[in-house]
Protein chains: 2
Amino acid sequence: MSQENNEVTVGQASQACGPAGEPCAPGQAKACTVREVLDRVGGKWSIGILVAASQGPVRFTELERRVEGISRRMLTLTLRNLERDGLLHRTVHPTVPPRVEYTATPIALELHGALVALTDWAERHRSAIADARATYDRARGAAD
Amino acid sequence: MSQENNEVTVGQASQACGPAGEPCAPGQAKACTVREVLDRVGGKWSIGILVAASQGPVRFTELERRVEGISRRMLTLTLRNLERDGLLHRTVHPTVPPRVEYTATPIALELHGALVALTDWAERHRSAIADARATYDRARGAAD
DNA sequence: CCGTATCCGTAAGGATACTG
DNA sequence: CAGTATCCTTACGGATACGG
């Protein structure tokens, strides 16, 4: 396969922000920047992989087991994107049974740190959100 | 339209986590929780709307202008989901020209706080990531 | 063991037209 | 002004089979 057409590069939905500039409407700059991150690691599996790799080098098959639910295809795809963005480092050991290890880069480790803020938020308001949802759904569902 | 079939509720791709529990593999609990958040506000427009609404009550048309690029359809859809999750409050003023205002709830304001950690991360590593991308693409693009 | 290629379903999102 | 409804395109992601 050539590189002329890469079907699904997993996370490249960004189009409002330039590659390294901020052509966003004033007041939207922050939202725009956050979107950049989400377009990168907002995929279904990126975070799971990042978390696993943040605890030390992991092998392909190990990730397949640890992330659990991920398909080979998505694992490879997400891995490539993470590597491409410099969040993971890929080391190939040319042994008889191939051995590939993925390691989180310092950048990825910092991201992991930033994610705990999100986790914390989710933990705190998890029930409140579920409650709001239930209330909303009941109101709209029963009223008709 | 009844509510029997809601075509696209914008963000409900989560399936690995229970509604309020954590049936995740050990070591993945954190990733799972973060996914919950992203499944909620990971949409293309959620953050932009949230940021705009976090600075005070906004009207529908004003959002349409401020978010810029969003379609009427997606604005409505995202608004509904945000309201459903208790992140926005919708106030209808029964005036002659209808006037609807959206206000960020305290929960949303807290999220906004958590997002700055992400923004900060993105700002710091923006160029490094772009660089990594370019390097990766050149290596794979030229070698073939 | 570590991937790739192909096929296919679903769902997010855009364009456009119409309405209370 | 503040939405809805309908159509359509694309991107995400799953299943499966094959290859170094």
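Keep in mind that the numbers below use all heavy atoms, side chains included, and drop hydrogens, waters and symmetry copies. Numbers restart at 1 for each chain; the letters A, B, ... are given by sequence-line order, proteins then strands. Everything numeric in this text was worked out from a predicted model, so none of it was measured.
Dashed line: the shortest gap from a side-chain N or O of B:Arg99 to OP1 or OP2 of D:dG3 is not under 4.0 Å. A sub-4.0 Å separation between OP1 or OP2 of D:dG14 and a side-chain N or O of A:Lys44 is present.
In this structure, the CZ atom of B:Arg72 is 22 Å from the P atom of C:dA12, given to the nearest Å. Look at CE on A:Met74: it is 13 Å from C1' on D:dA15, rounded to the nearest Å. Following rounding to the nearest Å, B:Ile49 (CD1) and C:dA12 (P) show an atom-to-atom distance of 15 Å. In this entry the distance linking CH2 of A:Trp45 with P of D:dG14 reads 5 Å, nearest Å. The separation between B:Ile47 atom CD1 and C:dG13 atom P is 12 Å, rounded to whole Å. What separates CZ of B:Arg59 from C1' of D:dA2 is a distance of 9 Å, to the nearest Å. At whole-Å resolution of the value, CG in B:Asn81 and P in C:dG13 are 10 Å apart. In this structure, A:Leu77 atom CG and C:dT4 atom P are separated by 9 Å, rounded to whole Å.
Remark: A:Arg65 does not engage A:Glu68 in a salt bridge, criterion side-chain N to carboxylate O under 4.0 Å. Taking a cutoff of 4.0 Å between a charged side-chain nitrogen and a carboxylate oxygen, A:Asp137 and A:Arg133 do not qualify as a salt bridge.
Which of D:dG20, D:dG13, D:dG3 sits closest to the side chain of B:Thr76 comes down to D:dG3. Among C:dG14, C:dG3, D:dG3, the nucleotide with an atom closest to any side-chain atom of B:Ser71 is C:dG14. You'll find that the side chain of B:Arg73 is closest to C:dG13, out of C:dG13, D:dG3, D:dG13.
Across all strands, A:Thr61 comes closer than 4.0 Å only to sugar-phosphate atoms, never to a base (heavy-atom distances).
In this structure, B:Gln55 contributes its side chain and B:Val51 its backbone to a donor-acceptor pair below 3.5 Å.
You'll find the side chain of A:Val100 reaches within 4.5 Å of the side chain of A:Arg90, heavy atoms only.
A donor-acceptor contact closer than 3.5 angstrom links the side chains of B:Glu110 and A:His125.
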